[in-house]
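Below is one structure; the comments refer to it alone.
Residue numbers run from 1 in the order of the sequence given. For clarity, every value in this text was computed on a predicted model and none was experimentally measured.
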Amino acid sequence: MIRLTRLNGTEIFVSVELIRFVEALPDTVISLTDDDKLNVREKPPEIIEAIVAYRRRVNACRFPEQVGGGPPPGPASAAPVNAPKSRGS
């Protein structure tokens with residue numbers, strides 16, 4: 001969920017998964033999947049930033065090995081099976 005502010009100053013929390021689209025008309029209107037509409041103070045770019053930050057947090061919990069930005073550990077990052085041995089061995 002993301003934190004937003006209604007036009008009257010009331011703080012609300014909105015489920016990201018329920019947002020269908022965001023419009024600036026000039027007030028920001030969020031249309032939800034159940035056809036409800038929310039008027040909020042935040043501008044669309046701020047809402048998008050909040051959604052991206054939320055999804056990063058969720059994905060960090062689901063895929064913690066990828067939080068560092070590198071590829072996940074596994075066969076693709078492991079040394080080849082037929083790698084030559086060093087001469088010192």
Side-chain angles (χ1 to χ4, degrees):
M1 297 187 115
I2 59 173
R3 182 188 324 224
L4 297 172
T5 312
R6 290 186 185 267
L7 296 180
N8 67 5
T10 304
E11 186 176 84
I12 58 172
F13 293 87
V14 179
S15 175
V16 168
E17 288 79 15
L18 296 180
I19 296 174
R20 185 183 301 162
F21 56 88
V22 179
E23 301 174 280
L25 299 172
D27 293 328
T28 303
V29 178
I30 299 174
S31 296
L32 304 177
T33 57
D34 63 359
D35 293 326
D36 279 350
K37 297 195 183 307
L38 301 171
N39 293 313
V40 297
R41 290 184 176 180
E42 290 79 7
K43 300 295 181 203
E46 295 173 86
I47 297 169
I48 291 168
E49 277 183 36
I51 291 170
V52 169
Y54 166 81
R55 292 196 186 268
R56 283 188 180 141
R57 285 192 309 271
V58 168
N59 287 333
C61 292
R62 292 178 60 203
F63 306 104
E65 69 276 1
Q66 293 183 14
V67 173
S77 62
V81 175
N82 296 330
K85 295 182 180 180
S86 65
R87 293 183 182 247
S89 306

>> Using 0.5 Å steps for rounding, measure from the OG1 atom of Thr10 to the CZ atom of Arg41.
In response: 8.5 Å

>> Tell me if the CZ atom of Arg20 is crowded by more than 12 foreign heavy atoms within 6.0 Å.
In response: yes

> When you measure from the side chain of Arg3 to the backbone N and O of Phe13, does any donor-acceptor pair fall under 3.5 Å?
Replying inline: no

> Got a second to check how far Leu18's CG is from Thr33's OG1, nearest 0.5 Å?
Replying inline: 4.5 Å

Side-chain polar contacts of residues 46-58 - donor-acceptor pairs under 3.5 angstrom, sequence neighbours left out - could you list them?
residue, atom, partner, partner atom, Å
Glu46, OE2, Lys43, N, 2.8
Tyr54, OH, Glu17, OE2, 3.3

>> Using 0.5 Å steps for rounding, measure from the CD1 atom of Ile12 to the CD1 atom of Ile2.
In response: 8.5 Å

> Do Val14 and Leu38 touch side chain to side chain, with heavy atoms closer than 4.5 Å?
Replying inline: yes

Check: residues 22-32 side-chain donor-acceptor pairs under 3.5 Å, at least two apart:
residue, atom, partner, partner atom, Å
Thr28, OG1, Glu42, O, 2.7
Ser31, OG, Lys37, NZ, 3.0

